[in-house]
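This report concerns only the one structure given below.
This structure is a prediction, so every number in the text was calculated from the model and none was measured.
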Amino acid sequence: LAHHQSILQEVLDNSFPSDALIHSYKRSFNGFAANLTDRERLKLSNMEGILSVFPSRKIKLQTTRSWDFMGFKSNVKRVPLVESDVIVGVIDTGIWPEAESFNDESFGPPPKKWRGSCEGGKNFTCNKKIIGARFYSSLKDENHNSARDTTGHGTHTASTIAGNQVTGASLNGLGQGITRGAVPSARIAAYKVCWNAYDCEDATILAAFDDAIADGVDILSVSLGADEGLEYHFDPMAIGAFHAMQKGILTSQSAGNAGPYRSSVTSVAPSTDRQYFTKVILGDKTTFVGKSISPFDMKGKKFPLDYNFYPSLNACNQSSGRSCAQNHWDTGRFRGKIILHRYLLKGEQELHEKATGMILQLGSKYDFNDYSRNFPLPSSVLSIEDGETVLSYAEKTKNPVATILKTEELRNASGLVVASFSSRGPNPITKEILKPDISAPGVEILAAWSPEAGPSGVTGDNRAVHYNILSGTSMACPHATGAAAYVKTFHPDWSPSAIKSALMTTAFSMNASTNPDAELSYGAGHINPIKAINPGLVYDALEGDYLKFLCSIGYTTKQIRTLSGHNTKCSNHSKGSPMDLNYPSMISDVAEANFTRTVTNVGVANSTYTAKITSPPSIEIKVTPKVLSFKSLNEKHSFVVRVSRKVAPTESNIFSATLVWSDGVHHVRSPIVVY
C-alpha cells in the first residue's frame, strides 16, 4: 500500500494518494486502481516498472437436465474426500446463501488449505458449504454493502458448478426434476464484483482475482465478458488468469454472447436435449408454436388482441437488436390485452401498463429464435412468417382474440448445436490460438436463483422464485468449471493446462453440418467429464511456456519481467512462433504451417500411441514421428505437425481436420483448423 501511494505521489497534480487510490492489489500480484486525469495517466505510463495503465471499463455478465444430457449422471465415480477439499471461487454477482443448493448439513469444517475469510457484509453468513465471501464496490452505501446476490446470476452459476443435489426443483413447474452441480461436495467462495448486468468494473474484478488467489481457491469461474478483446497486458481477465495460473489455479471464462458473428469471442454454448415451446391460439383456433419461458397459465381464456403499438421506423430498425427501445409506444390501451409486436421487447412497459400478454415477432434476419427468453408476463416469440399471419388475422377480424398457453417442455435429440448468441472465433488477439476452447451446455439451464430478483430481470417483475431458467455463455462457463473441478478431484496435482487439455482432447465431436462455423464456434467439441479423468496423454504448459509465448508475439524482456516477477529474458533467437504454444488444438490462416507439440503420458506406463489424421482433400497433414512409445508415467515425447493447404479457403469456408493419438484404449483428439 505504501509503495502504491508513493508512486501516486509522483504523478498526482492536485489530489492526495489516499483520495485517489481505489484498490491496492498486493496479495497475489502488484498493482492498483486509482482515479487519474489523462495527464496523470500518461506520467504513470512512462514510469519505470509500469507494465500497463488502462481504464477500468464496465463489463457485462455473460440445470436439472444439463449434466445428465452429457452422460454425467448423479452416480458417476467420485473421490468424496478429495472433492470436499476442492474450493471453487466464483467471481460474479454474489450468492444467495439460504438457497437449498448451498445447505451445509452434511459438510465438515473448511479445508485446512483455506486462507480466506467470510466478509460478506450486511445480513450475510457463510457456512461449511459457502466458506468465503467478499464484495467489491467503489460506492459505499446501503445498496453496496453485502455479498448477497440480488440479481440471481451468481447464485445460478455457483449452483451449476457445486450446488447440492435438490429434488423437486423447477421454475413454477417448468424443468421439474433434480438439480445439482458437477461437484456437489465441493466448497464455494463467492466474490461479488457485479451489482447488475452491466455494472462490473475492471478494477473490482482484479481485486477479486487478487483475493481469490491468495485465499487458496482451486478453480476460478468468471462468467463475465467485455464487448471486445484486449491485448493481454490491458485485459484484467487475462492478467488475473495469468497470476492464477502461476499458483496452479485454472480460470474458466465465458466466451461471450456476441454471436453469431466471427471474431466475437472475448476469451460457447450449445443447446441441450430439452427445449421449451409456448403455443399461441387465435380466436379462429389457429395454433402457432413459439419460444419463451412462460410459466403463466391463462387456463385457455382468450383476451383481446391488439397490434397498433408499432414504433416509428427511426425508433426500431434492424440495428435495434434484441431489446428495441420502448418509449415510442402508444401506451393508452395495454390493459387487459395481448399485445402483438413486430420486434423483440423485454415487456417492461407492457407489465407496467397491465397488459395480459405479448406475442412477439422476430424483427429481422438478425434475430434468432433458437433459445427461449424469459418475460415478465405470458409471452411467445414467433417466426416472421407466423407473426405476419397473426397480424393478418388481427387486421381482418372485427374482435380479434388470442390466448397464450403455459410453456411446454419437449425433448430434442439433436442437442449439440451451438446457440446463435455464442461468440465465435477466430481469436481476435492471437490468431494462432484456436478460440473458443470447448463448448458446454448454455441454453435453457435451470439452477438456483435469488428470490430478490424477478426471473425475467425486468423492473417490476416481483415474482420471487428459488430456481430460474437462463441461456447464455454465462451458463456454459460454470459447466466447464464444474467439469474441470471434477477432473481436479482425481488429479489434484495436475496443472491448469493439463486439466484443460484433458477436457479438450476427450470432448464429444460436434457436427460441422449443423454448426457452419465448425471449430470456430465449438472449439474442440462438447465437454465429456467422465472421459476427461482418464485422457491418456495431456498437452501440458507451465509458466515458462506462456512467457515464451508472450515473447513470440512481441512482448519485451522488460514487460515479461514486470508481469511475472521473474528475471526472465526474451532473446531474439529463442522467440519462436506463437503456433508452438503447447496447446491441444491447432489453427492456421497461412499456406503452410508447422506446429511443435509435446505430450505427457498420464495413462498407462508402458504404452504406444499411433497418430491418425482425418482431413479433407484440400489440405495435407503430416505428423513426425507417427508413433510415440512410453515406458513410464509422466514421460514426455514431442512431435511436429505440418499442415499444407492445396486450395485456399474462402472467407466463409473452414477446413477442419483432426489428429488422434491412440493406444487402443485412449483416443487423444486435437482439432486442426485452416481458415
### Query
Can Lys354 be said to sit on top of Phe334's aromatic six-ring, NZ or CZ under 6.0 Å from centre and within 45° of the ring axis?
no
### Task
Take Phe375 and Glu350 through the test side-chain contact (heavy atoms from CB on, under 4.5 Å) and record every step on the way to the result.
CA-CA 11 Å; Phe375 297 97; Glu350 286 75 8; over 6 Å; no
#### Entry: Atom pair NZ (Lys301) and CD1 (Ile404), whose distance is rounded to the nearest 0.5 Å
14.0 Å
### Query
Can you tell me if Arg187 uses its side chain to pair, donor with acceptor, with the backbone of Lys128 under 3.5 Å?
yes
### Approximate separation, where rounding is to 0.5 Å, of Asp386 CG and Ile359 CD1
10.5 Å
#### Entry: Electrostatic pair Lys279:Glu408 at N-O distance under 4.0 angstrom
yes
### His479 (side chain) donor-acceptor with Pro441 (main chain) under 3.5 angstrom
yes
### Query
Below 6.0 angstrom between ring centroids: does that apply to Trp449 and His466?
no
### Message
Suppose the criterion is ring-ring contact (aromatic ring centres under 6.0 Å, His included): which pairs have a residue in residues 118-142, not counting sequence neighbours?
### Response
none
### Message
Measuring only between side-chain heavy atoms, which start at C-beta, is Val381 closer than 4.5 Å to Gln361?
### Response
no
### Query
For the residue pair Thr481 and Ser221, what are the closest heavy atoms and their distance?
OG1-OG, 3.0 Å
#### Entry: Minimal non-hydrogen separation, Ser223 against Cys477, with atom names
OG-CB, 3.4 Å
### Task
With side-chain contact (heavy atoms from CB on, under 4.5 Å) as the test, would you mind laying out the steps for Tyr307 and Ile339 before giving the verdict?
CA-CA 6 Å; Tyr307 60 94; Ile339 311 302; over 6 Å; no
### Query
How close do Ala190 and Ile95 get, heavy atom to heavy atom, and via which atoms?
CB-CG2, 3.7 Å
### Query
In Å and rounded to the nearest 0.5 Å, what is the CG to OG1 distance from Leu282 to Thr389?
9.0 Å
### Task
Grab the two heavy atoms, one from Asn374 and one from Ser456, that are nearest each other, plus how far apart they are.
O-CB, 3.8 Å
### Message
Main chain of Pro295, side chain of Asn172: is a donor-acceptor contact present, judged purely on distance under 3.5 Å?
### Response
no
### Query
Does anything in residues 136-150 pair up under salt bridge (Lys or Arg N to Asp or Glu O under 4.0 Å), and if so which pairs, sequence neighbours excluded?
Glu98-Arg148
### Task
Carefully, step by step, assess Val193 and Glu201 under the rule side-chain contact (heavy atoms from CB on, under 4.5 Å).
CA-CA 7 Å; Val193 299; Glu201 293 187 9; over 6 Å; no
### Task
Please identify each residue that fulfils ring-ring contact (aromatic ring centres under 6.0 Å, His included) with Tyr486, with sequence neighbours left out.
Phe72, Phe490
### Task
For Lys406, check side chain to side chain contact (heavy atoms under 4.5 Å, CB included) against everything at least two apart and list the hits.
Leu174
### Message
Which heavy atom of Ala453 sits nearest to which heavy atom of Thr150, and what is that distance?
### Response
CB-O, 3.3 Å
### Query
Going from CD1 on Ile445 to CD1 on Ile469, what distance comes out if it is rounded to the nearest 0.5 angstrom?
9.5 Å
### ring-ring contact (aromatic ring centres under 6.0 Å, His included) against His352, all qualifying residues, sequence neighbours excluded
none
### Task
Could you check if a side-chain atom of Pro451 sits within less than 4.5 angstrom of a side-chain atom of Val465, using non-hydrogen atoms only?
no
### Query
Do any N or O atoms from the side chain of Lys302 and from the backbone of Val401 form a donor-acceptor pair under 3.5 angstrom?
no
### Query
Any donor and acceptor pair, going by atom type alone, linking the side chain of Ser56 with main-chain N or O of Ala203 inside 3.5 Å?
yes
### Query
Among pairs that include at least one residue of residues 151-164, which meet salt bridge (Lys or Arg N to Asp or Glu O under 4.0 Å), considering only residues two or more places apart or in two chains?
none
### Message
Rounded at 0.5 Å granularity, tell me how far OG in Ser101 sits from CG in Asn164.
### Response
6.5 Å
### Query
Is it true that a side-chain atom of Lys346 and a backbone atom of Gly457 form a donor plus acceptor pair closer than 3.5 Å?
no
#### Entry: Side chain Asp202, main chain Pro236, donor-acceptor under 3.5 Å
no
### Task
Ignoring hydrogens and angles, tell me if any N or O in the side chain of Lys129 forms a donor-acceptor pair with the backbone of Pro184 under 3.5 Å.
yes
### Task
For side chain to side chain donor-acceptor pair (under 3.5 Å), just list the numbers for Ser380 and Thr278, CA-CA rounded to whole Å, side-chain angles, deciding distance to a tenth of an Å, and then say yes or no.
CA-CA 6 Å; Ser380 185; Thr278 305; 4.9 Å; no
### Query
Is there a side-chain contact between Val390 and Leu305 (heavy atoms, below 4.5 Å)?
yes
#### Entry: Side-chain touch Arg373/Ser292, heavy atoms, less than 4.5 angstrom
no
### Query
Do NZ/NE/NH1/NH2 and the carboxylate oxygens of Glu444 and Lys291 come within less than 4.0 Å?
yes
### Query
Stepwise, does the side-chain contact (heavy atoms from CB on, under 4.5 Å) test hold for Leu446 with Asn468?
CA-CA 5 Å; Leu446 179 82; Asn468 199 9; 6.0 Å; no
### Message
Can you tell me how far apart CD1 (Ile384) and CD (Glu388) are? Round to the nearest 0.5 Å.
### Response
8.0 Å
### Task
Please say whether more than 12 non-hydrogen atoms of neighbouring residues, nucleotides or ligands are located less than 6.0 Å from NZ in Lys58.
yes
### Query
Is there a donor-acceptor pair under 3.5 Å between the side chain of Asp297 and the backbone N or O of Lys299?
yes
### Query
Just wondering, do Val90 and Val88 contact through their side chains at under 4.5 Å, heavy atoms?
yes
### Message
Less than 4.5 Å apart, side chain to side chain, heavy atoms only: is that true for Ile205 and Met237?
### Response
yes
### Task
Heavy atoms only: give me the nearest Trp96-Thr155 pair and the separation to one decimal.
N-OG1, 3.0 Å
### Query
Can you check whether Gln176's main-chain N or O pairs, donor with acceptor, with Ser170's side chain at less than 3.5 Å?
no
### Query
Quick one: does Leu224's side chain get under 4.5 Å of Cys194's, heavy atoms only?
yes
### Task
Measure the shortest side-chain to side-chain distance between Ile527 and Phe508 over non-hydrogen atoms and say whether it is less than 4.5 angstrom.
no
